[in-house]
Amino acid sequence: MTADTEAPKKVRIDAWVWSVRLFKTRSQAAQACRAGHVKINGEAVKPAQAVEVGDDVRVWVNHRERIVRVRTLSAKRVGADVAREAYEDHTPEQVTPMMPRRDRGAGRPTKRERRQLERFKRGML
């Protein structure tokens with residue numbers, strides 16, 4: 001390998017999360033870093049913070065938290081298949097409880113059904 005084709009040892013976190021397609025644009029990635037939505041090994045970081053292979057990265061994006069471990073570094077945007085290989089996804093599966101359903105035309109909910117629905121909504125919020 002020549003010096004030009006060597007893989008980098010460190011990459012800016014905003015560039016990395018953008019290159020592996022966790023954010024659509026680099027400016028969104030940098031903005032998320034500044035807002036504290038990106039953490040490396042549990043600590044909030046600035047956009048210029050370097051990320052290394054083996055680091056755990058937590059990203060809050062699209063109203064959910066993604067937990068990934070860095071496998072390879074890249075500062076340039078890559079294809080979706082290559083991006084999936086750049087990290088190990090450790091995000092826990094979220095089980096969404098079923099929303100209670102009422103039959104169409106069943107009329108207004110009873111007082112008991114309304115309270116159950118309110119309890120359900122409070123648990124989700």
Counting C-beta onward and ignoring hydrogens, is there a side-chain heavy-atom pair between [X] and [Y] closer than 4.5 Å?
| X | Y | result |
| --- | --- | --- |
| Val57 | Tyr87 | no |
| Ser19 | Leu73 | no |
| Thr91 | Arg64 | yes |

| Arg77 side chain vs Trp18 backbone, donor-acceptor pair below 3.5 Å | yes
| Counting distance only, does the side-chain N/O of Asn41 pair as donor-acceptor with the main-chain N or O of Asp56 below 3.5 Å? | yes
For atom [atom1] of [X], is the number of surrounding heavy atoms from other residues, nucleotides or ligands below 6.0 Å larger than 12?
| X | atom1 | answer |
| --- | --- | --- |
| Arg21 | CZ | yes |
| Glu43 | CD | no |
| Gln31 | CD | no |

Kindly give the heavy-atom pair with the smallest separation between [X] and [Y], and that separation in Å.
| X | Y | answer |
| --- | --- | --- |
| Asp89 | Arg66 | OD2-NH2, 3.2 Å |
| Pro47 | Ala30 | CG-O, 3.6 Å |
| Ala29 | Val17 | CB-CG2, 3.6 Å |
| Ala86 | Val20 | CB-CG1, 3.5 Å |
| His90 | Glu88 | NE2-OE1, 3.3 Å |
| Ile67 | Pro92 | CD1-CD, 4.0 Å |

Rounded to the nearest 0.5 Å, how far does [atom2] of [Y] lie from [atom1] of [X]?
| X | Y | atom1 | atom2 | answer |
| --- | --- | --- | --- | --- |
| Glu65 | Lys39 | CD | NZ | 7.5 Å |
| Arg122 | Leu117 | CZ | CG | 10.5 Å |
| Asp55 | Lys10 | CG | NZ | 9.5 Å |
| Asn62 | Phe23 | CG | CZ | 8.5 Å |
| Arg84 | Arg71 | CZ | CZ | 12.5 Å |
| Arg34 | Lys46 | CZ | NZ | 11.0 Å |

| note | Exactly one candidate in Arg119, Glu113, Arg112 meets side chain to side chain contact (heavy atoms under 4.5 Å, CB included) with Arg115; the answer is Arg119
Connected via hydrophobic side-chain network under 4.5 Å: [X] and [Y]:
| X | Y | result |
| --- | --- | --- |
| Val61 | Ile40 | yes |
| Trp60 | Val38 | no |
| Leu22 | Val53 | yes |

